[in-house]
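Report on one structure; see the data block that follows.
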Protein chains: 2
Amino acid sequence: MKAKAKVTINDIAKAAGVSTTTVSRYINGKEELMSEQTRNRIKTVIELLDYHPSDIARSLRNQKSNMIGVLIADVSSPFSSAIIIGIERVLVSNGYTPLFLNCSENKQREEQYIRSLIFKKVDGLIVNTTSADNKFLISLACQGFPIVLCDRFVRDYNFNIVTNKDNEMIRSFVMHLKEQGFTRLAFFVQPWSDNSTRYRRRDAFLASVHEIYGYLPENDIYVIDVNDKDCVIAQLKKFLSSLSQDDIPAIIGTNSVSTMCVYKAITKLGLSMPDDIGLCGPDDWDWNNGMNWPEIVHTNITTATIYAKELGERAAKLLLERIAAPDELPSEILLPNPLVIRDSTLRIRNK
Amino acid sequence: MKAKAKVTINDIAKAAGVSTTTVSRYINGKEELMSEQTRNRIKTVIELLDYHPSDIARSLRNQKSNMIGVLIADVSSPFSSAIIIGIERVLVSNGYTPLFLNCSENKQREEQYIRSLIFKKVDGLIVNTTSADNKFLISLACQGFPIVLCDRFVRDYNFNIVTNKDNEMIRSFVMHLKEQGFTRLAFFVQPWSDNSTRYRRRDAFLASVHEIYGYLPENDIYVIDVNDKDCVIAQLKKFLSSLSQDDIPAIIGTNSVSTMCVYKAITKLGLSMPDDIGLCGPDDWDWNNGMNWPEIVHTNITTATIYAKELGERAAKLLLERIAAPDELPSEILLPNPLVIRDSTLRIRNK
DNA sequence: TTGTACGCGTTATCAT
DNA sequence: ATGATAACGCGTACAA
């Protein structure tokens with residue numbers, strides 16, 4: 001069986017006995033510019049022939065693709081799924097087609113993908129970037145290309161960006177742990193690579209502990225390889241062995257994955273929370289209708305909410321605004337991250 | 001700052017002192033059809049001016065977009081992430097652009113998205129469908145439009161499809177449970193909606209138990225709402241109360257999510273595995289470098305491997321084959337699902 | 001209110 | 001070995 005012949009604007013024009021111009025006007029909402037008779041005739045014919053304008057021809061003519069490139073640092077994180085859903089919702093409902101591409105935390109691939117997207121004449125870019133050190137993105141932005149960063153930032157340039165209040169989030173962890181009587185805090189983080197979020201949260205950790213506890217925990221930052229259980233256990237032991245007799249220790253994870261790994265290590269060593277050790281971290285796994293991991297591992301872990309879907313939505317909206325008004329100053333939108341306090345840090349039952 | 005003026009094939013032609021035709025030939029790999037001198041001149045100019053052909057103009061001219069629509073039933077499942085990665089890898093490395101769209105298990109949205117993709121002139125479709133009962137997809141396939149199903153099937157039509165050997169997988173669960181001395185099996189599944197996988201696995205459950213145990217467990221199929229813990233617990237209690245004095249019960253979940261929920265309910269009731277009850281299910285959460293859920297919940301649960309990434313890769317490859325050779329008969333590719341036996345079903349230590 | 005004619009960037013056809 | 005030309009489907013300046 002063959003595909004049915006495509007019907008074009010000319011077919012409509014002929015069938016309706018008008019010019020293509022008029023049909024074009026009709027399609028583009030200039031219906032006021034023609035008689036009611038003409039309008040109705042065109043309407044009828046379009047429905048009859050089931051005509052749909054060719055996006056491709058339109059793109060060529062208008063030099064505008066109505067496509068937005070969306071670069072995701074790592075789709076395999078459930079966090080990314082939520083962002084994707086938010087972005088898609090906004091873009092699609094505004095007539096844009098999102099082109100999602102997965103960079104697998106690979107900066108080269110990110111750049112390569114972006115180049116190909118630009119050849120495809122995307123109207124703008126939403127970037128959950130792989131790298132905070134990103135001259136390529138900066139040069140694009142300097143050329144006036146519409147870009148909005150999502151979640152992760154890039155150094156040395158004032159981008160449009162939607163992200164979390166990381167500082168406040170980490171500070172509220174530290175404050176909470178202090179209130180609960182923990183005396184010694186550690187920060188467990190995956191290797192830095194160029195992940196801006198990790199840097200920022202680490203810095204917030206240092207600053208907050210300094211402010212709230214009065215010391216600088218430079219030696220209490222532990223880098224872990226989440227694919228190597230033994231490494232995590234070793235780091236945990238190292239932290240434990242550095243404690244004084246009467247220290248009450250707690251750990252903050254950089255993200256869900258590291259927090260999870262630490263949780264596994266804690267369990268492995270037979271420690272119990274919050275008595276032997278406290279644990280908390282951001283909840284960037286906002287997936288599957290609230291069936292989130294703190295509930296899955298029936299041990300309740302204290303988390304900070306991350307509004308991943310909203311992150312995506314706001315980024316998409318911001319990009320559309322910038323496409324409409326390119327000369328506005330860059331916006332920085334910061335979403336809050338309220339704490340969800342659970343057993344893993346709750347030493348004092350009634351507050 | 002303004003975007004730099006776009007350089008077209010005509011610019012190249014002028015600068016190189018040849019016709020656009022010749023440049024076009026050069027671009028399209030017909031380099032043998034011209035003198036070496038010409039070839040070099042064109043090459044130089046293209047590099048100098050950093051020329052890149054316009055995909056849009058090409059699409060218009062060739063009536064071929066080099067884009068593939070990819071419909072994902074529910075991106076928020078980590079299983080989907082793995083499929084997406086596989087599909088992207090194959091499509092991109094073959095010069096195609098995937099258009100990923102999330103249907104949120106909504107059949108209407110699936111249809112609506114597909115229509116818009118077709119107006120966009122995508123060259124083909126990979127569909128992880130929301131619905132086994134899908135006349136729309138069938139009608140498209142009948143018109144000769146290139147479609148490959150991924151993971152989930154559609155009734156009443158012989159599609160190109162890549163999926164799992166569900167029958168064998170469920171059968172191997174049942175066989176294993178029999179070997180381990182369990183005497184009574186139940187199947188816990190989310191509401192059917194139109195999810196073909198669930199139907200198929202349920203049927204396989206009925207057939208396998210009938211074959212291996214010699215009875216038909218029609219009353220041992222429990223539908224659970226994974227967002228309602230109490231429901232899962234209630235269903236679990238119902239199953240337990242239906243047991244005879246000396247029954248040794250085990251549960252098979254339809255997928256990761258339902259298995260997980262059952263696990264939580266089992267824990268909640270203070271039961272222990274495998275002594276009080278056995279538990280196993282497919283592992284369709286193949287994400288994050290093997291940090292899969294059976295390990296996260298440190299209780300080890302027996303699973304069947306699902307090669308999600310491969311599912312995506314094979315589907316993409318199959319689609320490209322069908323685009324190249326539309327008249328081939330539909331292929332059905334079935335991937336195996338080896339068991340990973342863990343503590344949750346291991347009553348007999350040495351086999 | 002409606003229509004003519006051209007161009008967006010490419011490529012296929014037919015010539016030379 | 002190379003080129004002129006038309007056409008892909010649409011939108012718009014200009015004309016009537």
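So you know, we letter chains A, B, ... as the sequences are listed, proteins then strands, and number each from 1.
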Where at least one partner belongs to [range], residue pairs that pass ring-ring contact (aromatic ring centres under 6.0 Å, His included), sequence neighbours excluded:
range: residues 90-114 of chain A; value: none
range: residues 16-42 of chain A; value: none
range: residues 52-72 of chain B; value: A/Phe119-B/His52

Go through the structure and list residues passing side-chain hydrogen bond (donor to acceptor under 3.5 Å, both in side chains) with [X], not counting sequence neighbours.
X: B/Lys121; value: none
X: B/Gln63; value: none
X: B/Glu31; value: none
X: B/Ser131; value: B/Asp194

Q: Please list, chain by chain and in numerical order, all residues satisfying salt bridge (Lys or Arg N to Asp or Glu O under 4.0 Å) with A/Arg58, sequence neighbours excluded.
A: none
(Q) Any base atoms under 4.0 Å from B/Thr38, or only sugar-phosphate, or nothing? Heavy atoms, all strands. (A) sugar-phosphate
Q. Does atom NZ of A/Lys43 have more than 12 heavy-atom neighbours, drawn from other residues, nucleotides or ligands, at distances under 6.0 Å?
A. no
Name the atoms and distances for all side-chain donor-acceptor pairs under 3.5 Å in residues 13-23 of chain A, with sequence neighbours left out.
{"residue": "A/Ser19", "atom": "OG", "partner": "A/Thr21", "partner atom": "N", "Å": "3.3"}
{"residue": "A/Ser19", "atom": "OG", "partner": "A/Thr22", "partner atom": "N", "Å": "3.3"}
{"residue": "A/Ser19", "atom": "OG", "partner": "A/Thr22", "partner atom": "OG1", "Å": "3.3"}

Q: Please work out which residues in residues 14-32 of chain B have a non-hydrogen atom less than 4.0 Å from an atom of DNA chain C and list them by number.
A: B/Thr21, B/Ser24, B/Asn28
Quick one: which protein N/O atoms are closer than 3.5 Å to N/O atoms of nucleotides 6-8 of chain C? Pair and distance per line, please.
{"residue": "C/dG7", "atom": "N2", "partner": "A/Arg61", "partner atom": "NH1", "Å": "3.2"}
{"residue": "C/dC8", "atom": "O3'", "partner": "A/Gln63", "partner atom": "NE2", "Å": "3.2"}

Q | Residue whose nearest DNA chain C nucleotide is more 5′ - B/Ile9 or A/Gln37 | A | A/Gln37
Q) Through what angle, rounded to 10 degrees, does the axis of the helix from C/dT1-D/dA16 to C/dT16-D/dA1 turn between its ends, using five pairs per end? A) 40°
